[in-house]
Amino acid sequence: MKILLTGGAGYIGSHAAVVLSQAGHEVIIFDNFSNSSRSVISRLENILNKKIVCIEGNICDFALLENAIQKNQIEAVIHFAGLKAVGESNAKPLEYYANNVQGTISLLQAMQATGVKKIIFSSSATVYGAPKYSPIDEEYPLSATNPYGRSKIFIEKILQDLAISDQSWSIVCLRYFNPVGAHESGLIGEDPEGIPNNLMPYLAQVAIGKLAKVYVFGDDYQTLDGTGVRDYIHVMDLAEGHLAALAYACRQTGFEAINLGTGKGSSVLEIIKGFEVASKKTIPYEIVGRRFGDVAVCFAKADLAKKKLGWSAKRDLSDAFKSAWKWQNLEGK
Ligand code: NAD
Ligand code: UD1
């Protein structure tokens, strides 16, 4: 199939581009490179050993999208494009709503105008707010503690309304837990600008000596070692989840929201120890106070993905650490 990947040059989209392309699909990337590098395209071409069509543009540009869909005879869209930094969303809510919500409406209008009615959307476990228990299933009530999270909930609701209004749409919202790791080549990976907010890219930068130490946000939670527990999922497993969701969208119409997680939680200290083994480096850390808004434990109930998509995560965390370390060591990215 010919698939448009909005945000396809980003962390998750680039890994999905590899998996989809290797499964025989033709991927067309649409990205404004606001949070990714143009060099990702040539690195993808290197991994795949073929040319990739890439359109530089903003999803808010309806005419450009409409043209891109028509010209490339797109049959389905996987919508990764969006801003994703929680702290920044508190400071710049309008930017987040314009980019994420308005951008998605513009994309949906372009799809409607061209008769393309299959979409996979990058949602997030953030739509569960501060969950009171884990594992979290898809029926857990939605809430958000910041504009980023709210933008994901608004988009899910818009997609749900669209599916009700026109039953020929196939819409799958994938609620990602914590993606980590990189492609085994080490040529693509997570590349945050400035000081990372998330644990994995932060500790990778400590391991390589760019940052001095990891600050562990609290060791007084009701968990095995007192540190926060999350569901870390290998980005290649996540990418394969999109292939399964695309197949699902081809055989099913309507709206579906599905968790993509492993169903298992790991603590901050377990992650640090695991990365030490993979990198053969000592990672200095200091226990500090809890981060505002954090919950003790958050991991997925992953049964629905297995049931509906026939997908489950296969790789273990040591693979994720090894690939992330290889990526961290890549020169000139
Ligand atoms: P990313 O920032 O690496 O990739 C997003 C891509 O979208 C970037 O290449 C960026 O340049 C592009 N983009 C942003 N706004 C755009 C616009 N208006 N027009 C065109 N392109 C635009 O992020 P990621 O980690 O790959 O995340 C992909 C999606 O998954 C996002 O929607 C994010 O909210 C969601 N998500 C990510 C995580 C995570 O931890 N990485 C977790 C849950 C959900
Ligand atoms: C983050 C996002 C959330 C998104 C989720 C999945 C924030 C505030 N939240 O949450 O919206 O849905 O990823 O991708 O960005 N930690 C440290 N030290 C650090 C960084 C993190 O101890 O320097 C701890 C945290 O307290 C937490 C764990 O590591 O227990 C994971 O943190 P992080 O990588 O930021 O992910 P989430 O908090 O799950």
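Each ligand, and each atom within it, is numbered from 1 in the order the structure gives.
Nearest non-hydrogen protein atom to atom 25 (O) of ligand 1 is K84 NZ, 2.7 Å. Of all protein heavy atoms, the one lying nearest to atom 26 (O) of ligand 2 is D294 OD2, 2.5 Å. Shortest contact from atom 29 (C) of ligand 1 to any protein heavy atom: F80 O, 3.1 Å.
Taking every non-hydrogen atom of F33 and a distance limit under 4.0 Å, the qualifying atoms of ligand 1 come out as 11 (O). Taking every non-hydrogen atom of N99 and a distance limit under 4.0 Å, the qualifying atoms of ligand 1 come out as 15 (N), 16 (C), 17 (C), 18 (N). Proximity to P179 (heavy-atom distance under 4.0 Å) selects the following atoms of ligand 2: 14 (O). Atoms of ligand 1 lying under 4.0 Å from any heavy atom of G57, numbered from 1 in the order shown and given with element: 19 (N), 20 (C). Taking a cut-off of under 4.0 Å to the non-hydrogen atoms of R291, the atoms of ligand 2 that pass are 8 (C), 25 (C), 32 (O), 33 (P), 35 (O), 37 (P), 38 (O). Against a heavy-atom cut-off of under 4.0 Å, S36 is close to the following atoms of ligand 1: 8 (C), 9 (O), 11 (O). Residue T126 approaches ligand 2 through these ligand atoms, each under 4.0 Å from one of its heavy atoms: 11 (O), 12 (O).
In this structure, of Y148, Y11, Y176, F177, the residue bringing a heavy atom nearest to atom 30 (O) of ligand 1 is Y176. Comparing I12, L65, I29, T6 by heavy-atom distance to atom 38 (C) of ligand 1, the nearest is I12. Of the listed residues (I12, N198, N197, D219), the one carrying the non-hydrogen atom nearest atom 13 (O) of ligand 2 is N198.
V53 is not listed as a side-chain neighbour of I29, based on a closest heavy-atom distance of 4.5 Å or more.
Checked against a 3.5 angstrom limit, the closest N/O atoms of Y215 and ligand 2 fall inside it.
Using the six-membered ring where Trp is involved, F80 and H242 have ring planes that are tilted, between 30° and 60° apart.
Distances shorter than 4.0 angstrom do not occur between any heavy atom of Y176 and any atom of ligand 2. The closest approach between Y232 and ligand 2 falls below 4.0 Å for a heavy atom of the residue.
Contacts between V268 and ligand 2 below 4.0 angstrom, taking non-hydrogen atoms only, involve the side chain exclusively.
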